[in-house]
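Both ligands and their constituent atoms are indexed starting at 1 by order of listing. Quick note: numbers below take in every heavy atom, side chains included, and nothing from hydrogens, waters or symmetry partners. Sequential numbering from 1 along the given sequence is applied to the chain's residues.
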Amino acid sequence: MYKAYPMAEDLIRIEGDKSTIYGGFIPQLKALVGDEKDTVANLANVAAALKETFGFFWVGFYLVKEGELVLGPFQGPVACTRIQRGKGVCGAAWEKAETLIVDDVDAFPGHIACSSLSKSEIVVPLIQKGEVIGVLDVDSDQLANFDETDAHQLNNLCQWLVSVIV
Ligand code: SME
């Protein structure tokens, strides 16, 4: 059906380099979330919006539950359900409480391969009052697809997200 105006839920993709795309994306994401407080709803829309805008292979959240990371809202192929602290890229980012960029997942000791198509990855911790409550995991089917721009932008996004969902 033809729509003369985008709905509030439509994302307008800004053309340009990565910083420009993030610059157009973040305000739209904040508008999309609005004053919604529900954690699942917001994590689901953030995952969908990131995947739709950047075409990443897999975007999703793992949340700390009873001492493990448990799969949360995501977009992409099915993924492993639970990850132990210190295991894989996600478990390492949790343990270190820092963002990890992996240019080649096959070169990362202990990488957990949910799909052989995933080539590079960035994992950003969700930190609430100094404690990691989960991670944002983004996978690409291209090698070395993530850099400091992604780390900076996704960290800001996660900080904002934590402030919205709690
Ligand atoms: N590769 C991750 C596991 C999660 S999947 O990529 C969705 C890791 O090594 O922690």
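Only side-chain heavy atoms of C114 come within less than 4.0 Å of ligand 1; its backbone N, CA, C and O stay farther off. Residue-level proximity to ligand 1 for Y62 is carried by the side chain, the only part with a heavy atom below 4.0 angstrom.
Close approach of ligand 1 to C90 is summarised as follows: ligand atoms under 4.0 Å from at least one heavy atom of the residue are 8 (C), 10 (O). Using a 4.0 Å cut-off to heavy atoms of H111, the atoms of ligand 1 that qualify are 1 (N), 9 (O). Residue-ligand proximity, G88 to ligand 1, at heavy-atom distances under 4.0 Å covers atoms 9 (O), 10 (O).
Among protein heavy atoms, the minimum distance from atom 6 (O) of ligand 1 is reached at D139 OD2, 2.8 Å. At the shortest separation from atom 2 (C) of ligand 1 among protein heavy atoms lies E121 OE2, 3.1 Å. Among all non-hydrogen protein atoms, the one lying nearest atom 4 (C) of ligand 1 is D137 OD2, 3.3 Å.
At least one N or O atom of V89 sits closer than 3.5 Å to an N or O atom of ligand 1. Taking only nitrogen or oxygen atoms, main chain and side chain alike, A113 does not reach within less than 3.5 Å of ligand 1. For ligand 1, the polar-atom distance check against W58 finds no nitrogen or oxygen pair separated by under 3.5 Å.
Between F56 and F146, the ring planes lie tilted relative to each other; the angle falls in the 30° to 60° range.
When only modelled atom types and interatomic distance are considered, S118 and D141 share no side-chain donor-acceptor pair under 3.5 Å. With 3.5 Å as the limit, one finds a donor-acceptor pair spanning the side chains of D150 and Y22.
Rounding to the nearest 0.5 Å places CG of L154 at 9.0 Å from CD1 of I101. Note that the CG atom of D103 and the CG atom of N145 stand 9.5 Å from one another [nearest 0.5 Å].
With hydrogens and angles disregarded, a donor-acceptor distance shorter than 3.5 Å links the side chain of E36 to the backbone of D38. A distance-only check finds no donor-acceptor pair linking the side chain of W94 to the backbone of G86 [under 3.5 Å].
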Query - Check against ring-ring contact (aromatic ring centres under 6.0 Å, His included), Y62 and F74 - result: CA-CA 9 Å; Y62 282 89; F74 72 95; 8.4 Å; no
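When V105, I112, V59 are ranked by how near their heavy atoms come to atom 9 (O) of ligand 1, first place goes to I112.
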